[in-house]
Amino acid sequence: MPARPHVFVAASTALLAAAVIPATVLPALAVPAEAPHAPAPHTPLSLDPAARVLVSPMSPGSPDLETSDPETSDPATRAPETSDPVTSDPVTSDPVPSAPVPSAPASPKRPGAPGPAAGPPAGKESFRHDGSPEDEPVTAEALRSRANGCDQISNGRYRTRESTPATIPVCDARGAVFWKADMDIDCDGQATAHCNRSADPYYQDTTAYTQADGKALNPEELPYIVVPLSSSIWNFRSSGIRGGSVAAVIHRDKVQYAVVGDTGPPGIIGEASYATARALGISADPSGGGVPSGVTYIVFKDSEIPRLDDQETITRRGGELAKQFIRDN
């Protein structure tokens with residue numbers, strides 16, 4: 001086999017380089033044993049702005065970046081972590097960008113992030129037009145404020161007594177009709193300790209509408225009102241009013257829920273049972289009780305209940321209908 005003279009030339013060159021290069025430089029040229037695949041010191045390094053690279057300490061002007069070996073790197077000289085993590089290729093040790101990690105959805109509790117829409121407290125999700133929560137009783141003033149003014153529905157006006165002028169109109173509203181009048185005491189119905197022939201010279205033992213068992217209403221126990229018999233002035237049935245329709249009766253600061261329980265003379269308006277007057281703080285004496293004015297009667301349309309003597313239902317439905325009346329008017 002022919003001799004290879006270039007082998008001796010390469011060896012001579014290596015010996016000459018070792019003799020010429022100062023001993024202080026040689027340690028910098030050594031490649032660490034922990035990184036056998038790191039590029040040689042004389043190999044130009046590519047500075048990729050998107051990745052961290054291994055840079056030789058010899059390179060002039062090189063940035064002080066984190067090396068690929070976390071155990072041999074000085075923590076004080078590590079560059080701050082960037083938001084794009086990288087991995088190291090096991091063969092080339094070149095930094096390889098990892099797949100992007102999707103961001104977690106923002107938490108509504110995170111500072112600066114919008115939270116859920118504010119709402120009213122539990123149990124008070126709705127408010128009436130007067131600003132009172134739905135779970136509070138309707139006030140007399142709130143009802144009176146909605147029964148202010150008059151869209152007259154009656155063809156004429158009513159008297160409070162035979163001897164008084166006809167000045168009382170029946171007014172229409174959303175979901176109800178109303179009038180403002182006096183209160184005379186009606187003791188008709190079942191005879192009781194305070195409602196009987198001895199106590200009331202005009203006493204009758206019947207009522208236009210009866211309770212569930214067919215008996216006349218009990219005027220001393222049941223809050224009811226009296227509507228005028230149908231006439232050319234007004235037919236209450238044409239307004240959605242019938243026996244058992246629910247009504248709110250207001251006097252001063254009190255509200256009493258009642259039902260339509262009896263009918264009276266066709267030209268007179270403003271009468272209620274003994275129980276209604278007593279609940280409102282009005283004198284209930286059938287002979288000389290009542291008040292000459294200041295009572296508002298609101299009767300809710302199409303609101304009749306099946307049992308006129310069911311006072312629990314009267315109170316509950318009355319409260320619901322009163323709130324609806326305020327919302328609608």
Side-chain angles (χ1 to χ4, degrees), residues 120-121 123-154 157-158 160 164 167-186 222-228 234 236 239-241 244-261 269-284 289-305 311-329:
K124 295 187 178 181
E125 298 181 354
S126 179
F127 289 78
R128 300 195 302 266
H129 291 175
D130 63 351
S132 301
E134 284 285 3
D135 59 352
E136 292 185 3
V138 174
T139 64
E141 184 58 34
L143 285 171
R144 262 195 300 264
S145 69
R146 299 307 190 274
N148 192 18
C150 181
D151 180 9
Q152 185 170 330
I153 196 174
S154 59
R157 299 192 175 200
Y158 288 94
T160 57
T164 59
T167 59
I168 310 298
V170 176
C171 308
D172 194 27
R174 293 186 182 92
V177 297
F178 64 90
W179 58 89
K180 299 177 182 180
D182 68 337
M183 179 179 287
D184 292 327
I185 308 303
D186 186 353
L222 181 68
Y224 70 77
I225 67 169
V226 180
V227 295
W234 178 53
F236 61 88
S239 297
I241 308 303
S245 290
V246 181
V249 189
I250 304 104
H251 178 64
R252 294 182 178 174
D253 61 347
K254 293 184 179 181
V255 179
Q256 176 60 45
Y257 298 111
V259 290
V260 173
I269 204 168
E271 192 173 3
S273 69
Y274 183 102
T276 306
R278 184 176 56 189
L280 292 171
I282 296 172
S283 172
V291 289
S293 62
V295 181
T296 302
Y297 301 79
I298 302 173
V299 188
F300 303 108
K301 299 175 181 178
D302 303 314
S303 63
E304 62 269 18
I305 60 175
Q311 296 194 46
E312 182 179 349
T313 299
I314 293 171
T315 301
R316 177 179 56 80
R317 285 292 293 145
E320 294 169 352
L321 292 165
K323 292 172 184 177
Q324 187 64 47
F325 177 75
I326 290 177
R327 286 193 294 266
D328 293 346
N329 294 275

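One-based numbering along the sequence shown.
- The backbone N or O of Asp172 sits nowhere less than 3.5 Å from a side-chain atom of Asp151 that would complete a donor-acceptor pair.
- Rounded to the nearest 0.5 Å, atoms CH2 (Trp179) and SG (Cys150) are 12.0 Å apart.
- A donor-acceptor distance shorter than 3.5 angstrom exists from the side chain of Ser273 to the backbone of Leu222, with no hydrogens or angles considered.
- Note: Tyr224 OH to Gln311 CD = 12.5 Å, rounded to the nearest 0.5 Å.
- One finds the CZ atom of Arg146 at 10.5 Å from the CD1 atom of Ile298 (value rounded to the nearest 0.5 Å).
- To the nearest 0.5 Å, atoms OG1 (Thr167) and NZ (Lys180) are separated by 13.0 Å.
- Rounding to the nearest 0.5 Å places CD1 of Ile305 at 6.0 Å from OG1 of Thr313.
- Phe300 and Phe325 have perpendicular rings, their planes meeting at more than 60° on a 0 to 90° scale where under 30° would count as parallel.
- Between Glu136 and Lys323 the shortest heavy-atom distance is O-CE, 3.6 Å.
- In terms of heavy-atom proximity, Trp234 sits nearest to Pro228 at CZ3-CD, 4.4 Å.
- Of all heavy-atom pairs between Lys301 and Ala173, the closest is NZ-O, 3.3 Å.
- To the nearest 0.5 Å, atom CD1 of residue Ile326 and atom OG of residue Ser145 are 6.5 Å apart.
- A donor-acceptor pair is defined here as one N or O able to donate and one able to accept, closer than 3.5 Å; such a pair exists between the side chain of Thr139 and the backbone of Ala142.
- A donor-acceptor contact shorter than 3.5 Å is absent between the side chain of Ser245 and the backbone of Ile241.
- Pairing each heavy atom of Val255 with each of Ala248, the nearest pair is CG1-CB, 4.4 Å.
- Between Ile225 and the options Val295, Ile269, Val249, Val259, a side chain to side chain contact (heavy atoms under 4.5 Å, CB included) holds for only Val249.
- Of the possible donor and acceptor atoms, one in the side chain of Arg144 sits under 3.5 Å from a partner among the backbone N and O of Arg252.
- The shortest heavy-atom contact between Ala277 and Ile185 is CB-CD1, 3.4 Å.
- Side-chain contact between Tyr297 and Met183 is present, with at least one heavy-atom pair separated by less than 4.5 Å.
- The shortest non-hydrogen separation linking Thr276 to Gln256 is CG2-CG, 4.3 Å.
- One N or O on the side chain of Ser303 and one on the backbone of Val246 form a donor-acceptor pair closer than 3.5 Å.
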